> 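I'd like to ask you about the structure that follows.
Values below: every heavy atom of this structure, side chains too, minus hydrogens, waters and symmetry copies. All of these numbers come straight from a predicted model, not from anything done at the bench. So you know, we letter chains A, B, ... as the sequences are listed, proteins then strands, and number each from 1.
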4 protein chains.
Amino acid sequence: MAVDRTAEVPARVRPGRPRSEQARAAVVRATSELLHEIGLRAMTTEQIAARSGVSKATIYKWWPNKYAVAIDAFLSEILADSPDPDTGSARRDFTLLLQGVCHFYTGSSGQVFAQLIGEAQFDRDVASELQDGLIQARRATLRAIWDRGVARGELRPDVDADIAIDLIIGPALYRLMIGHAGLDDAAAATIVDTAIRGLSV
Amino acid sequence: MAVDRTAEVPARVRPGRPRSEQARAAVVRATSELLHEIGLRAMTTEQIAARSGVSKATIYKWWPNKYAVAIDAFLSEILADSPDPDTGSARRDFTLLLQGVCHFYTGSSGQVFAQLIGEAQFDRDVASELQDGLIQARRATLRAIWDRGVARGELRPDVDADIAIDLIIGPALYRLMIGHAGLDDAAAATIVDTAIRGLSV
Amino acid sequence: MAVDRTAEVPARVRPGRPRSEQARAAVVRATSELLHEIGLRAMTTEQIAARSGVSKATIYKWWPNKYAVAIDAFLSEILADSPDPDTGSARRDFTLLLQGVCHFYTGSSGQVFAQLIGEAQFDRDVASELQDGLIQARRATLRAIWDRGVARGELRPDVDADIAIDLIIGPALYRLMIGHAGLDDAAAATIVDTAIRGLSV
Amino acid sequence: MAVDRTAEVPARVRPGRPRSEQARAAVVRATSELLHEIGLRAMTTEQIAARSGVSKATIYKWWPNKYAVAIDAFLSEILADSPDPDTGSARRDFTLLLQGVCHFYTGSSGQVFAQLIGEAQFDRDVASELQDGLIQARRATLRAIWDRGVARGELRPDVDADIAIDLIIGPALYRLMIGHAGLDDAAAATIVDTAIRGLSV
DNA sequence: CAATAATCGAGACGGTACGTCTTGTCTTGGC
DNA sequence: GCCAAGACAAGACGTACCGTCTCGATTATTG
């Protein structure tokens, strides 16, 4: 999210004082803490500045607003998210992955994620950053599981992959956003089982 | 949503000037317009007051904040939402219902709905109002379709109804909130088909 | 300086909550104190708000910036400034008036006045407010003394009144702004004596 | 105004890269332009740096702040200011000098001068720099005219020289700072005439 | 000719005030 | 008692400028 002015010519040394990595890290760390403690909306830029020891001007220099900082902070703390299990069984892969997602959803970061998705409804930038930074990666993993399952003959080759992925992930996100039902391991397993087996007799 | 102070003693005539129904209606109408024109977040209480000709004090007297007004306005404009088709086929019922939901999602009100769900991530009251005013009604309709299908032997009796409903609705809401794929009639039909038939060969 | 929306129709009662006189007075009082304690430049709007208990928004509603507040506060504390002595002698009148002005200049308010004149060099509004609120009144008093002196035959009728007034007041303001020499009673008397008698033998 | 670290040991050659005279001149020139174009207050250090091509760090190395630079720039452009006319008549000398001062006041540099005097009300350093760099020189010239006039018997030896000078210069500065009346040649002549002849009949 | 020392341009940074905006409460007089 | 008008306190927002700092590059004297 932060502007990366060195991206174009990474090898060339740019003139002037370089950006302080320490300041960047302090901002991200402070933001992470605040997100978990008081949430996205209650968190203010001033609080980030105060807790990180980085001035507001510097924060606004590198991020357009607190939501951009929040996304950076959020993404940096879920780097090792949803690894591809690849057990040899699509059903088991889907189950393990969705259980991981549900753990994430029900944990402290899940609240933050839900709030970011919520904020994305009002802010196109937040939406696209979330897309690029998290959604696509997760869908790619699911896509890999799907393709392997099709190749192994476990899954229907005539089903659109996007529909299949939505059938796995959709119910979980629905429960996260609406909160009408739980998201434990059993629920995750049941969702996968039912999606794979189908609703009809 | 609005506080109803006359509800307790409906027969008894209360002293003083009664609440102006005209004012209530004007507020709701103005809010509806604003929701579609500029969205939930950009809309301010002051704008509602200005457009409706109702003072801010009166608005705050009957609603706790602009989100409560928004929910009232939103619910009042989608009264005849998602009627139970009851065609005799669960698959056809699900398809028709989901297509209706998708029409709603992709229309102007869909944006408002997504924003309300978004706001619900930050405000417990918004969440519960949405639950009571819309989510439960829609789930009840789906539940009726499900129960009839099970009774007719079309659907698996061993599947939890909540899971089944989430499998139908979840993918649609997922697409609404994330926006990575479309929500046309064909997509709705495919979602229902795939959920009913299952992903495995 | 403050916007006076009732000025047009003072008798007519305007709708809505009337402006709080208490808030206005608290702002003016707090500003007066701050002007004397830390000066015009160091004083911040936030400090005025904090000390007066009036919110920043309210201050900005009635005054365009802190300089406008400062002028209001300054003028309100020097209302009974420079009364016309009218002793029957122009020389004595001028001396008494200029001594009063010098007392004012050398006192705590004199610093504030000098700073306002200083600020007027950067802000046309401050300049015109000072003109209207103070300079003109003082010049009018001097003009009255001058006219009486001319009528009594004490002063030269062929001298332009503005030049005469500038010859009395100019040296005092010069000393206030540049600070190269004192402004005690003796200095005031000497300035008047010399201006009246002239420099030539 | 600029810090001169070589002044102590002018003969001794100091090691290291010497100060760039080119940079100094560019800063002064850029500052002069900015003073006339946008004024003392609106001018920022950043603008001086950008226009001169000299870095902010270098500017702050040699001057404590933008006001010090402004005084340097201002003084450097009015070097040949107010030469002593010495015509043999004090009245004529005073008139010529004051007309020169009024030309200066009404010109573009006069605005800058007024702003510097204005700023001096808030900043003791600006005040003393102006004193030393301009005020004293001008008063010295006036003092010379005065002393010659007294020696020639044209002027009253019993009048304090400072009072006399203030009587000549004060009205002009008063008009510059307050702006209530013009400062053309006729006004300058009238001020001198009236001061010399006196106000009384 | 290398080592040393001071300068310079570029630009990031902490601090701080600014003036704006929105929220929800309150205070009038009119109905 | 309800209502329109609108003043008010609280406090977050994003911008601007100040003066300091940290880089690498440059330019002089000294050994």
> So, is B/Trp62 near the phosphate of F/dC2, with a side-chain N or O under 4.0 Å from OP1 or OP2?
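For F/dC2, OP1/OP2 do not have a side-chain N/O of B/Trp62 under 4.0 Å.
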
> How long is the line joining CH2 of C/Trp63 and C1' of E/dG19, in whole Å?
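My rounded result for the distance is 16 Å.
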
> Locate the shortest heavy-atom distance separating A/Leu40 from A/Lys66; write the atom from each residue and the value.
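Taking A/Leu40 first and A/Lys66 second, the nearest heavy atoms are O-NZ, 3.3 Å.
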
> On DNA chain E, does the nearest nucleotide to A/Ala23 precede the nearest nucleotide to D/Gly53 from the 5' side, or the other way round? Give the residue.
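Taking each residue's closest nucleotide, the earlier one in sequence belongs to D/Gly53.
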
> Starting at the 5' end of nucleotides 12-19 of chain F, put B wherever the base has a protein heavy atom under 4.0 Å, S where only the sugar-phosphate does, and a dash everywhere else.
SSBBBSSB

> Quick one: is F/dC2 close enough that its OP1 or OP2 comes under 4.0 Å of any side-chain N or O from B/Lys61?
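Answer is yes, contact under 4.0 Å.
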
> I want to confirm an ordering. Mapping C/Ile59 and C/Gly16 to their closest nucleotides on DNA chain F, which one lands closer to the 5' end?
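Upstream on the strand: C/Gly16.
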
> If every non-hydrogen atom of C/Ala70 is compared with every non-hydrogen atom of C/Leu35, which pair is closest and at what distance?
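Result for this residue pair: O-CD1, 3.9 Å.
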
> Applying side chain to side chain donor-acceptor pair (under 3.5 Å), can you list everything that pairs with A/Ser55, at least two apart in sequence or on another chain?
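A/Ser55 satisfies side chain to side chain donor-acceptor pair (under 3.5 Å) with A/Thr58 once adjacent residues are dropped.
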
> Heavy-atom nearest nucleotide on DNA chain E for A/Thr58 versus D/Ala49: which residue maps closer to 5'?
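Result: D/Ala49.
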
> Above 12 or not: heavy atoms from other molecules or residues under 6.0 Å from CD of C/Gln22?
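Counting other residues, nucleotides and ligands, CD of C/Gln22 stays at 12 neighbours or fewer.
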
> Measure from NZ or CZ of C/Arg24 to the centre of the six-membered ring of C/Trp62 and say whether it is under 6.0 Å with the direction within 45° of the ring axis.
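No, C/Arg24 and C/Trp62 do not form such a contact.
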
> Quick one: D/Glu21 CD to F/dA28 P, roughly how many Å, whole number?
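About 14 Å, once rounded to whole Å.
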
> Can you tell me how far CD of D/Glu119 sits from CD of C/Gln121, rounded to the nearest 0.5 angstrom?
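Those atoms lie 11.0 Å apart.
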
